[in-house]
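Owing to the predicted nature of the structure, the values given are computational and were not obtained by experimental measurement. Every heavy atom of this structure was used, including side-chain atoms; hydrogens, water molecules and symmetry mates were not.
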Amino acid sequence: MNPKVHKILPGNDREDGKPWMVAGFASGDFLREMRLAIGDVIGRGQSLSDIWSTPDLILTNDKRPRPVMGDFLGMTGGFLAMPDCTRSLFEPVFGHYGEFLPARLTLNDSTVKPLWLFNCLHFAETIDRERSYMRGPLENRSYAFTGENLVPGTIYRDPILSFWLLCVSDDSGSSFLEFCAAHDLQGLRFEPMNREAGRGEPASAPGSAEVSADAKAPLAGEASKAPTYGSKQEEWRRKTLDYVASINAFVARGLEVGWDQAGAEPKSPDRSHLVDDALAAVREANRSGQLDGLRERWPPAHEPLVELLEANGQSIPVLCVLPDKSIVARLGAPFEPGSTVHIRGDAVQTLDDVGFFGRSPNRKYFAIATSDGVRVQEGWGGPQTGFFPWPTGLEGVPDGEKIEPLAAPPTPSRLIPFPDGSRVLLVSSQGVFVLESDHATRLLPTGEQFQTDLEWLREAGEDETLSVELSMEHGAVSHDGKWIAVGAQDSAHLIFDARLKIAGKIATDGDYPHYALFNADDSMVAINACHFYSGSTLGVPIDLLPGLKLDEYQDDARIIDLEEGARVYAGTARGNAFIIGDAGGNVRAFDAEGTPLWQFHIGSTVGDIDLSDDDEMLVVSTYAGIIAIVQMNAGEQAPHQIGNSQHMETRRWLFWKNEAQPLIW
């Protein structure tokens with residue numbers, strides 16, 4: 001593979017005569033182009049072409065810049081050091097991909113120069129040694145490369161790993177060569193690689209230097225002392241990003257070679273002693289409005305916050321992305337008083353007059369719960385187009401049987417207007433109903449289930465007055481309004497037609513029906529069944545309806561195994577893909593053939609998922625009181641993201657019960 005070559009151009013001369021740098025990033029490719037004003041390039045006697053192809057280090061001094069050609073994507077070695085003024089330019093750009101270690105360089109005349117050393121993340125823990133990465137980025141996020149010509153004795157003394165890191169310094173010049181002669185930086189051994197020598201022999205340099213660092217970097221592949229950190233912020237950032245890199249590599253190995261061959265799962269590092277500082281930084285950034293760079297300094301993480309969730313977290317069971325890409329969300333479980341908020345940019349407005357709500361599958365109509373029934377309106381805040389009274393609870397009860405009517409309106413767990421706004425699917429633990437303007441029709445429990453329950457009560461000698469209490473109740477309406485998929489723990493997966501007649505019945509194999517979702521063109525309905533916190537999802541082609549009936553443990557080759565492992569709580573459709581959120585806090589995508597597409601981890605059980613009208617923004621809520629906003633097709637993940645997607649999480653909202661205000665992270 002021929003790496004791209006980028007021209008490095010000199011900029012306008014600075015008034016103080018010192019060099020400057022500007023780095024630019026573009027979606028889909030971390031580093032498209034870097035412009036540097038490069039002065040004197042020092043490379044241990046190597047030619048310029050050798051320096052750029054295998055740079056041991058590249059330094060600049062205060063001389064007048066001149067143009068140099070550089071092969072940035074092909075660099076395979078080097079180390080990066082800089083004074084504080086240069087670090088201030090580098091850190092906003094490269095802070096995701098490594099750490100800045102404070103160090104002191106003592107020169108021969110006993111002068112002490114403060115420096116910052118940029119140390120790449122420990123990619124030795126993430127590289128798959130069975131795969132060739134010849135001049136290619138690892139995981140599309142690092143600048144780690146391997147090559148067949150690399151030999152032991154290179155940077156980090158790793159026989160197959162080396163990094164390109166560009167050293168830019170205003171004034172270090174030849175003094176830094178003296179520092180390199182020591183070949184030892186608090187456990188990080190620097191042994192330059194020279195392609196012509198081919199053996200990585202230490203370079204000789206005049207003089208000697210003593211360096212002390214406030215932070216240590218362990219050797220790749222070697223046991224080392226526990227690292228220390230220059231600050232709590234740096235410790236949080238490094239531990240978080242190192243763990244993400246290692247867990248992503250572990251998942252990649254498991255998906256490629258099987259989990260029995262993937263090795264031990266990396267352990268999450270202890271960050272409990274840093275949580276207060278992280279949250280204090282988040283609160284201060286929100287108070288001051290200085291949110292830029294917050295996620296780079298304090299990358300979001302879920303696991304360290306788990307102990308706080310019992311007191312702070314809350315369910316966010318429903319959210320919708322509006323046409324202007326603002327967000328409306330329900331805070332609080334359906335059985336709680338709760339509230340509805342409208343999120344516009346950095347602002348949150350509480351809507352006191354909006355109760356539980358839902359939206360039609362074609363995104364045109366909204367249903368809003370009131371004390372008397374369900375109000376349907378066209379668009380958010382638009383004109384009312386219908387009103388549907390609550391059911392009495394006596395709908396669908398077999399003749400002559402006793403059942404108490406509902407003493408209060410049912411508590412919705414889903415409200416879904418039909419695409420024409422003429423009906424509403426009400427999903428609740430008191431029953432699943434289709435509401436119309438003058439009556440309601442019960443879908444669950446079915447008449448057959450009522451009879452079964454009554455017979456069980458009689459045999460047990462219990463009171464024959466029946467009450468309804470569904471668990472795991474769920475429902476979905478197709479985009480064209482022709483099909484309704486419902487289920488509950490004690491039912492089969494049921495699919496009704498537009499006349500509310502059963503068109504399909506799929507029994508479970510010992511698991512419990514838990515969720516249903518139609519794909520974007522209504523050619524398939526995905527049905528999920530769970531067992532504890534795992535589950536499986538099947539795809540039922542719509543052209544099998546009506547008349548489809550599958551009993552327990554009955555196989556049908558026409559039914560497609562879409563996904564194995566997820567207990568699904570939320571989902572949406574995008575093109576040919578299903579996007580689901582599960583009990584483990586994972587968001588997964590797969591196509592209608594069951595091919596996995598991508599996944600990433602949010603943390604805590606997912607509450608709801610929605611896409612913007614243009615499919616460019618994905619929004620995910622959780623039972624931890626968190627809303628995550630994800631830019632689709634960004635070309636890369638955020639550095640803190642656990643997963644293998646090309647979609648970047650750009651913001652998290654913390655709607656915590658004990659916070660004075662919602663927090664942006």
Colleague: Can you tell me how far the CG atom of Leu562 sits from the CG atom of Asn528, to the nearest 0.5 Å?
Modeller: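 One gets 10.0 Å once the value is rounded to the nearest 0.5 Å.
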
Colleague: How many angstroms lie between CG in Leu305 and CG in Leu654, if you round to the nearest 0.5 Å?
Modeller: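 One finds 7.0 Å between CG of Leu305 and CG of Leu654.
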
Colleague: Under the salt bridge (Lys or Arg N to Asp or Glu O under 4.0 Å) rule, collect the residues that match up with Asp277, sequence neighbours excluded.
Modeller: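 Testing Asp277 for salt bridge (Lys or Arg N to Asp or Glu O under 4.0 Å), a comparison that skips the adjacent residues, returns Lys232.
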
Colleague: Taking the side chain from Tyr515 and the backbone from Gly571, do they hold a donor-acceptor pair closer than 3.5 Å?
Modeller: yes

Colleague: For Ala624, does its backbone N or O pair with a side-chain atom of Trp656 as donor and acceptor, under 3.5 Å?
Modeller: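 Yes; judged by distance alone, with no hydrogens or angles, the pair exists.
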
Colleague: Can you name the nearest heavy-atom pair linking Pro269 to Glu303, along with the distance?
Modeller: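 For Pro269 and Glu303, the tightest heavy-atom pair comes out as O-OE1, 4.4 Å.
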
Colleague: Do Ile247 and Glu265 have side chains that get closer than 4.5 Å, going by heavy atoms?
Modeller: yes

Colleague: Look only at the side chain of Asp276 and the backbone of Leu279, and say whether a donor-acceptor pair between them is shorter than 3.5 Å.
Modeller: no

Colleague: Between CZ of Arg588 and CG of Asn644, what distance do you get to the nearest 0.5 Å?
Modeller: 10.5 Å

Colleague: Using a 4.5 Å cut-off on heavy atoms from C-beta on, say whether the side chain of Val275 contacts that of Leu308.
Modeller: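 When only atoms from C-beta onward are counted, Val275 and Leu308 do touch, with a gap below 4.5 Å.
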
Colleague: If only atom types and distance count, is the side chain of Glu649 paired as donor or acceptor with the main-chain N or O of Ile629 below 3.5 Å?
Modeller: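 Answer holds: no.
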
Colleague: Answer yes or no: is there a side-chain heavy-atom contact under 4.5 Å between Leu291 and Arg651?
Modeller: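 Of all side-chain heavy-atom pairs linking Arg651 with Leu291, at least one is under 4.5 Å.
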
Colleague: Quick one: do Arg237 and Glu296 make a salt bridge, cutoff under 4.0 Å?
Modeller: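 No, Arg237 and Glu296 are not salt-bridged.
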
Colleague: Can you tell whether the side chains of Arg283 and Glu659 come within less than 4.0 Å, N to carboxylate O?
Modeller: yes

Colleague: I would like to know whether Phe578 and Asp591 meet side-chain contact (heavy atoms from CB on, under 4.5 Å); could you show each step before the answer?
Modeller: CA-CA 6 Å; Phe578 293 98; Asp591 64 20; over 6 Å; no

Colleague: Between Ser326 and His342, do the side chains contain a donor N or O and an acceptor N or O under 3.5 Å apart?
Modeller: yes

Colleague: How long is the straight-line distance from CG of Leu309 back to CD of Gln314, given to the nearest 0.5 Å?
Modeller: 11.5 Å

Colleague: Assess the residue pair Ser612 and Lys325 against the criterion (side-chain contact (heavy atoms from CB on, under 4.5 Å)); give the C-alpha distance rounded to whole Å, side-chain angles, the decisive distance to 0.1 Å, and a yes or no.
Modeller: CA-CA 6 Å; Ser612 60; Lys325 294 191 177 178; 4.0 Å; yes

Colleague: Do Trp665 and Arg295 have side-chain heavy atoms sitting under 4.5 Å apart?
Modeller: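 Yes. Closest side-chain heavy atoms under 4.5 Å.
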
Colleague: What heavy-atom pair brings Phe655 and Ile343 nearest, and what distance separates the two atoms?
Modeller: CZ-CD1, 3.6 Å

Colleague: Under a 3.5 Å distance rule, please check whether Asn248 uses its side chain to pair with a backbone N or O of Gln641 as donor and acceptor.
Modeller: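 Yes.
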
Colleague: Just wondering, more than 12 heavy atoms not from Glu307 lying within 6.0 Å of its CD?
Modeller: no

Colleague: Please report the closest heavy-atom contact between Val244 and Pro639, naming both atoms and the distance.
Modeller: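 Result for this residue pair: CG1-O, 3.4 Å.
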
Colleague: Could you pull out the closest heavy-atom pair between Ala583 and Thr605, with the gap in Å?
Modeller: O-OG1, 3.0 Å

Colleague: Taking Trp236 for its side chain and Pro299 for its backbone only, find out whether a donor-acceptor pair lies under 3.5 Å.
Modeller: yes

Colleague: Work out which heavy atom in Ala634 is nearest to a heavy atom in Met648; give both atom names and the distance.
Modeller: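 Looking at all heavy atoms of both residues, the closest pair is CB-CB, 3.7 Å.
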
Colleague: Looking at CD of Glu564 and OG1 of Thr537, how far apart are the two atoms once the value is rounded to the nearest 0.5 Å?
Modeller: 8.5 Å

Colleague: Okay, side chain of Ser621, backbone of Ile316: is any donor-acceptor separation there less than 3.5 Å?
Modeller: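 A pair under 3.5 Å: yes.
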
Colleague: Is there a side-chain contact (heavy atoms from CB on, under 4.5 Å) between Leu322 and Val328 once you walk through the steps?
Modeller: CA-CA 8 Å; Leu322 302 183; Val328 287; 4.1 Å; yes

Colleague: If we only count heavy atoms from C-beta on, is the Leu241 to Arg238 side-chain gap below 4.5 Å?
Modeller: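 A side-chain contact is absent here, since even the closest heavy-atom pair is not under 4.5 Å.
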
Colleague: I'd like to know if the side chain of Arg253 and the backbone of Gln261 have a donor-acceptor N/O pair within less than 3.5 Å.
Modeller: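 No; judged by distance alone, with no hydrogens or angles, the pair does not exist.
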
Colleague: Can you tell me how far CD1 of Ile579 sits from CH2 of Trp598, rounded to the nearest 0.5 angstrom?
Modeller: 4.5 Å

Colleague: Return yes if some donor-acceptor pair links the side-chain N/O of Asn286 with the main-chain N/O of Ile664 below 3.5 Å, else return no.
Modeller: yes

Colleague: Looking at side-chain heavy atoms only, is the closest gap between Gln631 and His647 below 4.5 Å?
Modeller: no

Colleague: I'd like to know if the side chain of Glu563 reaches the main chain of Ala566, judged simply by a donor and an acceptor atom lying under 3.5 Å from each other, with no hydrogens or angles considered.
Modeller: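 Yes; judged by distance alone, with no hydrogens or angles, the pair exists.
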
Colleague: Check the pair Val619, Ile627 against side-chain contact (heavy atoms from CB on, under 4.5 Å), reporting the backbone distance first and the verdict last.
Modeller: CA-CA 7 Å; Val619 182; Ile627 292 178; 3.5 Å; yes

Colleague: Name the one of Leu611, Leu618, Leu597 that satisfies side-chain contact (heavy atoms from CB on, under 4.5 Å) with Arg574?
Modeller: Leu611

Colleague: Hey, does His640 have a side-chain heavy atom less than 4.5 Å from the side chain of Arg652?
Modeller: yes

Colleague: Of all the heavy-atom pairs spanning Phe600 and Ser645, show the shortest one and how long it is.
Modeller: CD2-OG, 3.8 Å

Colleague: Can you confirm whether more than 12 heavy atoms, excluding those of Asp614, are under 6.0 Å from its CG atom?
Modeller: yes

Colleague: Looking at Arg330 and Asp608, is there a salt bridge between them, counting it only when a charged N and a carboxylate O are closer than 4.0 Å?
Modeller: no

Colleague: Salt bridge or not for Arg271 and Glu235, using N-O below 4.0 Å?
Modeller: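 No, this pair does not count.
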
Colleague: Would you mind reporting whether His514 and Tyr569 have side-chain heavy atoms less than 4.5 Å apart?
Modeller: yes

